[in-house]
There are 2 protein chains.
Amino acid sequence: MTGVSQATVSLVLNGRDDGNVRIAPETRERVLHAIRTTGYVADPVARRLAARHNRILGVFTYEPVFPTGTGDFYHPFLVGIEECAERLGCDLLLLTSAPVAGGRRRIFHDDNRLRLADGCVLLGRSLDRDELTRLVTEDQPFVSVGRRDDAGGPVPYVGADYPTATAAVVRRALAAGHTALAYLGQGAGPESHADRMRGFRAALDEAGRTPRHLPTTDRSPAELLDALLAAGVTAAVVEEYADGVAIAQLARERGLDIPGDLSILALGDPTRPASTDIDFTGFRIPRREMGWQSVEVLTGLLEADPETVPQRLVPCQPVDGATLAPPKVIP
Amino acid sequence: MTGVSQATVSLVLNGRDDGNVRIAPETRERVLHAIRTTGYVADPVARRLAARHNRILGVFTYEPVFPTGTGDFYHPFLVGIEECAERLGCDLLLLTSAPVAGGRRRIFHDDNRLRLADGCVLLGRSLDRDELTRLVTEDQPFVSVGRRDDAGGPVPYVGADYPTATAAVVRRALAAGHTALAYLGQGAGPESHADRMRGFRAALDEAGRTPRHLPTTDRSPAELLDALLAAGVTAAVVEEYADGVAIAQLARERGLDIPGDLSILALGDPTRPASTDIDFTGFRIPRREMGWQSVEVLTGLLEADPETVPQRLVPCQPVDGATLAPPKVIP
DNA sequence: GCCGCTCGATAATTCGTATTAGCACCTTGA
DNA sequence: TCAAGGTGCTAATACGAATTATCGAGCGGC
């Protein structure tokens, strides 16, 4: 149309005006005019092929991306991720095509589509250790949402600062006069559980009190409540919000006063569907913020920005709530 | 690694075994082994450039994809979309990079990334008509979630059958003895509103009753309730669930009995955050199903499958609810 | 020994853009 | 008049795969 070469069109299209590149204003205008009248748009695919990157960020979850059974626990993470991606002008690729093998999705398989994206955000309670190791050793750019132990090298992550938040909650209970506290939950396994347990122990050790642990696996709320009462526990520190709800409801049905007879402290948001009617004392996981920051870290990694700290702990937001009261003094 | 050419790798990778293409089983196995051990994956971008498709489906919404203000109205659509994409082995590209111009995201702009995907699912209350026209005329493969009027040609869509569902609700009210019914809402503008209104009018015409319309724009719940009562309306047919909640709550505060004094019928799910305590009579939008089917239609379009019906209306699920009762007989 | 045929694999080209070295032309100054 | 330097643009190539025409080897038949 303009009798000009493809290279020139490319240069004009990208508004190049460096030292080496020079286009006569008259030519530039002619090309721009042709572009405008034809509505020409550079093919993004070819563009990406040449540029060697996509501005696409992958999102991989071991659970379905849009959760139904997990009571939307992951939703706020995604909101943060999307917000940040939008601000950065990146698109989000949900890696839904990953096939399920052995009950979980797998990142690595014969038709691995990870490289569709420039980098990848990993979401999920616990990540497969082998896959994590492979990601690290293969030098795939990725960030985990949630702290992860090293796996063949340091893992970039944006996690919630569970130790600090849990310790703070425990200290509040101690300050209120409690001496018999118990941790309800796994306290091990996924990093997020182990971290809570560490905070719990640290705060009690610091106060010279004995930390007690009540594992929840395969035990009904009734069994747990019985165990709590039998042990003379006055403040239950609950790993999983939904467990707290179950115990609180059961206790009230039995005529117990919460928090009069038993204080209950919730370490985070429900990861299973649960009523949120009870205003638990505890903390909130800064999920949106974590999602946002995970994208920041990922893009920092991609740009090899030396300023970017690839391992971050975000503080949790304390919740005053109404389930902590001084223990009853036994006369 | 295998001493084999790029072409051979490509052929093995794609499992080609046509008449013209022949690979010795031994070679094929050697290449496959190398692929497996290195975890090699074809660059999807290059693949798309050459093959013109890449099993990526775009998802474009005029609102943020992970909604916060819309009370998760879009969430179920996404669940359905994800489920179907997963089953088909497709990945989902959330087109979050689309910049906002004039208060809305725009599909078409200087760095249009739509073509990164094979096709695109469009989500949103109302789609920009110009952009829709351009999609149709440029022959971009896409599907709208929600019925759309023609825009320079027929628009592929998967919509909810609002006319039928609304007419059914109205007939129930008529059967219960109501004669003074009013439609609360816009009743125009987006197709989904116009469709409800059509169903409303059709059912009333059929019964020889006068359809009344109470526009909601810029009117407070109090004004609306006053207007309803002044007009002697006994059954309010509410376009937007959240409006129904506001009016019902206000009415009860004023000592009115719902549905004794006023029946309220909700035409769908809340698109704004709203309490769902009230068990409204009305219907539910088959959002998950719509999401699922939209992906089906899109892939049908991509494969030029002649079986695929590119315009579908999905029936809504009736809800009995507790907000419809016979009108009070004025003695 | 030559032709024809099948089998296996590859060289070469394509997709549409970004990038860079370098060419042709012009001006300037000695 | 010619080297030096500047200007405006283009040819060529890369990006990483898919595709196709073609090539060489091996083999049987005459």
Side-chain angles (χ1 to χ4, degrees), chain A residues 1-35 38-56 91 93 110-118 138 140 302, chain B residues 1-35 38-56 91 97 109-118 138-141 302-303:
Chain A
M1 268 187 73
T2 55
V4 111
S5 76
Q6 179 263 323
T8 307
V9 174
S10 175
L11 294 175
V12 170
L13 205 57
N14 297 321
R16 292 279 303 271
D17 207 1
D18 319 337
N20 286 337
V21 172
R22 289 165 306 232
I23 309 283
E26 195 269 339
T27 309
R28 187 181 294 273
E29 203 38 64
R30 229 172 55 238
V31 174
L32 281 176
H33 180 255
I35 289 177
T38 58
Y40 171 82
V41 186
D43 181 338
V45 177
R47 206 163 184 161
R48 293 318 158 201
L49 182 60
R52 252 96 108 261
H53 65 263
N54 273 338
R55 300 187 77 67
I56 290 183
D91 292 313
L93 184 69
D110 7 325
D111 186 20
N112 171 351
R113 321 235 307 147
L114 205 55
R115 282 170 48 201
L116 279 170
D118 293 342
E138 288 188 3
Q140 284 271 6
L302 290 172
Chain B
M1 266 189 73
T2 56
V4 112
S5 75
Q6 179 262 323
T8 307
V9 175
S10 174
L11 294 174
V12 171
L13 204 57
N14 297 320
R16 293 278 303 270
D17 207 3
D18 317 340
N20 286 336
V21 171
R22 288 168 305 233
I23 308 283
E26 196 269 338
T27 310
R28 187 181 294 272
E29 204 39 64
R30 227 171 59 239
V31 173
L32 281 176
H33 180 255
I35 289 177
T38 58
Y40 170 82
V41 188
D43 181 335
V45 177
R47 204 164 185 161
R48 169 123 174 87
L49 185 60
R52 298 164 156 95
H53 67 265
N54 57 9
R55 284 171 47 216
I56 291 183
D91 293 310
S97 71
H109 55 275
D110 14 326
D111 186 21
N112 172 354
R113 321 229 313 144
L114 201 56
R115 284 156 64 198
L116 281 173
D118 293 345
E138 288 187 1
D139 222 33
Q140 285 270 7
L302 290 171
E303 290 162 14

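Letters A, B, ... are given to chains in the order of the sequence lines, protein chains preceding strands, and every chain is numbered from 1.
- Ile56(A) has its side chain out of reach of Leu116(A): every pair of non-hydrogen atoms, C-beta onward, lies at least 4.5 Å apart.
- For Leu11(B), whose side chain is taken as the heavy atoms from C-beta onward, the closest listed nucleotide among dT20(D), dA17(D), dA11(C) is dT20(D).
- Here the side chain of Leu49(B) is nearest to one of dT10(C), dG16(D), dT17(C), namely dG16(D).
- Counting only heavy atoms from C-beta on, Ala7(B) has its side chain closest to dT20(D) among dA18(C), dT20(D), dG16(D).
- A donor-acceptor distance shorter than 3.5 angstrom exists from the side chain of Asp118(A) to the backbone of Arg55(A), with no hydrogens or angles considered.
- The NE2-C1' distance, from His53(B) to dC15(C), rounds to 14 Å in whole Å.
- Comparing the axis of the opening five pairs of the helix from dG1(C)-dC30(D) to dA30(C)-dT1(D) with that of the closing five pairs yields an angle of 80°, rounded to 10°.
- Spacing between atom CG of Asn54(B) and atom P of dC15(C) amounts to 18 Å, rounded to whole angstrom units.
- Rounded to an integer number of Å, the gap from CZ of Arg16(B) to P of dG8(C) is 16 Å.
- Distances shorter than 4.0 Å separate some side-chain N or O of Thr8(B) from OP1 or OP2 on dT10(C).
- Judged purely by atom type and a 3.5 angstrom limit, Arg30(A) has no side-chain atom pairing as donor or acceptor with the backbone of Gly3(A).
- Residues Asn14(A) and Arg47(A) have side chains in contact (heavy-atom distance under 4.5 Å, counting atoms from C-beta outward).
- dT19(D) atom C1' lies 14 Å from atom CG of Leu13(B), rounded to whole Å.
- Taking 4.0 angstrom as the limit, Tyr40(B) places a side-chain polar atom (N or O) nearer than this to OP1 or OP2 of dA17(D).
- Asn54(A) and Arg113(B) share no donor-acceptor pair across their side chains, judged by distance under 3.5 Å alone.
- A 4.5 Å side-chain heavy-atom check between Leu114(B) and Glu138(B) finds every atom pair outside the cut-off.
- Remark on DNA chain C: of its neighbouring residues Arg52(B) and Ala51(A), the 5'-side contact belongs to Arg52(B), judged by nearest-heavy-atom nucleotide.
- With hydrogens and angles disregarded, no donor-acceptor distance shorter than 3.5 Å links the side chain of Arg48(A) to the backbone of Ala46(B).
- Atom pair Arg113(B):CZ and dT17(C):P shows a separation of 15 Å (rounding to whole Å applied).
- The nearest whole Å value for the distance from the CZ atom in Arg47(B) to the C1' atom in dA17(D) is 8 Å.
- Taking atom CD of Gln6(A) as the reference point, atom P of dA14(D) lies 15 Å away to the nearest angstrom.
- Note that NE2 of His33(A) is 10.0 Å distant from OG1 of Thr38(A), once rounded to the nearest 0.5 Å.
- For residues 20-30 of chain A, proximity to DNA chain C is found at no residue, defined as any non-hydrogen atom under 4.0 angstrom from a strand atom.
- For Asn20(B), the CG atom is loosely surrounded, since the number of other residues' heavy atoms within 6.0 Å does not exceed 12.
- For Leu116(A) and dG16(D), the CG to P distance is 15 Å, given to the nearest whole Å.
- Within 4.0 Å (heavy atoms only), Val4(A) reaches sugar-phosphate atoms of the nucleic acid but no base atom.
- Phosphate contact (OP1/OP2 of dC15(D), side-chain N/O of Arg48(A), threshold under 4.0 Å): absent.
- Among the nucleotides dA18(C), dA11(C), dA17(D), the one closest to any side-chain atom of Ala42(B) is dA17(D).
- Considering only heavy atoms from C-beta on, Val45(B) stays 4.5 Å or farther from Leu49(B) through its side chain.
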